[in-house]
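Since the structure comes first, as structure tokens, the remarks are kept for the end.
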Amino acid sequence: MKIKIIILMFSVLALLVVSIPTFAHHGTAAYDTKSDVTVKGTMTEFRFFNPHVQLYFEVKNDKGETEKWQGELTAPNKLSRAGWDKHTLNPGDSITATGYISKNDNHTMWIRKLIGPSGEPLQLFEE
């Protein structure tokens, strides 16, 4: 009986240790959430993949130079419920993105508001 209890306790402990990473999520920890930045650019690539949808676009800076930017959105299943699909944005589309800048890369952002090529805001969350 004592061995069964020890095996049960060890099994529960092992299960807890293995499952801890499933509760972790980075959220916006990598971004400076104190202020928003807005940039206008042209889409170069749209990746509608897990775990987060990625936007790649080019932005002209104040000097007229082209900068390569990357934007991150939520999971594709959440965007699908908001009406998105893999053809919502395409290379060449003009966008305006507002969001938090990465703490490690000034050209990476967590997008909180997105104006699409039609000039209308794109829904980023299901209602």
Hey, is the main chain of T96 close enough, under 3.5 Å, to the side chain of K113 for a donor-acceptor pair?
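Checked: no pair found.
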Can any side-chain N or O of T44 pair as donor or acceptor with the backbone N or O of Y56 at less than 3.5 Å?
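The answer is yes, because a donor-acceptor pair under 3.5 Å joins these two groups.
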Considering all heavy atoms, the nearest P76-P51 contact
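It is CD-O, 4.1 Å.
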What's the shortest heavy-atom distance between K63 and N61, and which atoms?
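Looks like N-OD1, 2.9 Å.
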N50: what forms a side chain to side chain donor-acceptor pair (under 3.5 Å) with it, not counting sequence neighbours?
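Per chain and number, N50 pairs via side chain to side chain donor-acceptor pair (under 3.5 Å) with no residue.
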Please list, chain by chain and in numerical order, all residues satisfying side chain to side chain donor-acceptor pair (under 3.5 Å) with T38, sequence neighbours excluded.
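With neighbours one apart ignored, the set is T98.
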Sequence-distant partners of [X], side chain to side chain contact (heavy atoms under 4.5 Å, CB included), two or more places apart:
X: K78; value: T74, R81
X: D62; value: none
X: R112; value: D36, Y100, W110

Quick one: name the residues clustered hydrophobically with V37, using the 4.5 Å side-chain heavy-atom rule over I, L, V, M, F, W, Y, and just say none if it's on its own.
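Grouped by the 4.5 Å side-chain rule, V39, M43, F46, F48, V53, L55, F57, V59, W69, L73, L79, W84, L89, I95, I101, M109, I111, L114, L122, L124, F125 form the rest of the cluster around V37.
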To the closest 0.5 Å, what do you measure between NE2 (H107) and NZ (K68)?
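Reported to 0.5 Å precision, the distance equals 11.5 Å.
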Go through the steps for E65 and K60 under the test side-chain contact (heavy atoms from CB on, under 4.5 Å), then give the verdict.
CA-CA 5 Å; E65 302 165 336; K60 295 264 187 199; over 6 Å; no
Distance-only donor-acceptor check, side chains D105 and S102, under 3.5 Å:
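No, because no side-chain N or O of D105 sits under 3.5 Å from a partner of the opposite role on S102.
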